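All residue numbers in this chain count up from 1 along the given sequence. Keep in mind it's a predicted model, so treat the numbers as computed, not measured.
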Amino acid sequence: MAHQLMSREVIPFYLSLALLGGAALALDALLHLSGMVWIGRYLGIPGVLLILASSGYSLRKHKLINSGKPATLLRWHERLAWAGSLLILVHAGIHFNAILAWLAVWAMLINVASGLTGKFLLGRSRKRLEVTRAGLRAQGLSSEEVDERTHWDSLTFDAVKQWRVVHLPITLAFAVLALAHIIAIFLFWGWK
């Protein structure tokens, strides 16, 4: 059981984070080796656009839009946010000259970790509840008995779903810091 938890939940979580960091370092190194570091300066723009595009899932979840299937939008949310975060990490590079930009990057990384945590916690608790219910149905229990026996598991699953209450403020902090960084760029860029 502990081995399954590690191989199905913990390792994929850390691999997702490691892949993001490794891909950012590799792309940044590639830009440096090819003498095209200047491209990184502009990767923040498509990165932000990808992250904004990923918000379709949230808009659908909060019923601000009606189009799209939530499951499909969730997959797009995960992929677009990951790709946007990758571009922003390359954009940030390894330059420590702007505190606001680095606060935004750290808020973004915390947001990505929060999203991955929610994804894996929700998936695990949903699977556990479904397996338990299926096992009880296989024993011949009625729907009412299954519901009664899985009551606490259902409450636990509902509590895990409240993870979004934590994820949303983290997302808002990232959005505010990123917007402040973008405004600062427009104000202080050497426009010539």
Side-chain angles (χ1 to χ4, degrees), residues 6-61 68 70-123 163-164 166-192:
M6 287 296 289
S7 64
R8 290 187 181 168
E9 307 298 333
V10 176
I11 292 172
F13 171 76
Y14 284 114
L15 283 177
S16 297
L17 287 176
L19 182 61
L20 179 62
L25 289 172
L27 190 54
D28 192 52
L30 183 66
L31 290 175
H32 277 79
L33 292 173
S34 63
M36 299 190 306
V37 176
W38 61 271
I39 291 174
R41 185 176 192 182
Y42 298 98
L43 288 179
I45 297 166
V48 167
L49 293 175
L50 286 170
I51 289 174
L52 287 174
S54 79
S55 66
Y57 170 72
S58 299
L59 295 174
R60 177 73 165 96
K61 192 78 175 163
T72 303
L73 290 173
L74 177 60
R75 281 191 298 278
W76 278 105
H77 170 75
E78 292 168 355
R79 292 174 184 149
L80 292 173
W82 191 91
S85 298
L86 171 65
L87 294 179
I88 289 173
L89 284 173
V90 175
H91 165 72
I94 309 175
H95 314 286
F96 297 98
N97 56 356
I99 188 71
L100 182 58
W102 273 98
L103 288 174
V105 167
W106 278 106
M108 180 191 70
L109 289 172
I110 292 167
N111 195 34
V112 168
S114 168
L116 288 171
T117 300
K119 173 185 174 180
F120 289 110
L121 285 177
L122 279 172
W163 143 86
R164 290 182 182 99
V166 174
H167 187 61
L168 183 61
I170 294 170
T171 301
L172 291 175
F174 165 56
V176 167
L177 288 167
L179 184 61
H181 170 65
I182 292 167
I183 290 170
I185 292 300
F186 279 115
L187 290 175
F188 301 110
W189 186 300
W191 300 98
K192 294 179 185 180

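With values rounded to the nearest 0.5 angstrom, Ile110 atom CD1 is found 11.5 Å from Thr171 atom OG1. Atoms CH2 and OG1, from Trp76 and Thr72 in turn, are 10.0 Å apart once rounded to the nearest 0.5 Å. To the nearest 0.5 Å, atoms CH2 (Trp82) and CG (Leu50) are separated by 11.5 Å. Distance check, rounded to the nearest 0.5 Å: CD of Glu78 to OG of Ser54 gives 10.0 Å. Interatomic distance, Asp28 CG to Leu33 CG, rounded to the nearest 0.5 Å: 9.5 Å. Taking CG of Asn111 as the reference point, atom CG of Leu116 lies at 10.0 Å (rounded to 0.5 Å).
Counting heavy atoms from C-beta outward, Leu109 and Leu89 have side chains that approach closer than 4.5 Å. With a 4.5 Å cut-off on side-chain heavy atoms, Ile51 and Ile88 count as touching. Between Leu73 and Lys61 the shortest side-chain heavy-atom distance does not fall below 4.5 Å.
Ala92 and Val105 make their closest contact through CB-CG2, 3.6 Å (heavy atoms, listed as atom of the first residue, atom of the second, distance). Closest non-hydrogen pair, Ser114 versus His167, comes out as OG-ND1, 2.8 Å. Residue Leu100 comes nearest to Ala184 through the heavy atom pair CD2-CB, 4.2 Å, listed as atom of the first residue, atom of the second, then distance. His91 approaches Tyr42 most closely through the heavy-atom pair ND1-N, 4.3 Å. Smallest separation of non-hydrogen atoms from Ala178 and Ala104: N-CB, 3.9 Å.
Relative ring orientation between Trp106 and Trp102 is described as tilted, the plane-to-plane angle lying within the 30° to 60° band.
For His77, the ring-ring contact (aromatic ring centres under 6.0 Å, His included) test picks out Tyr57, with sequence neighbours left out.
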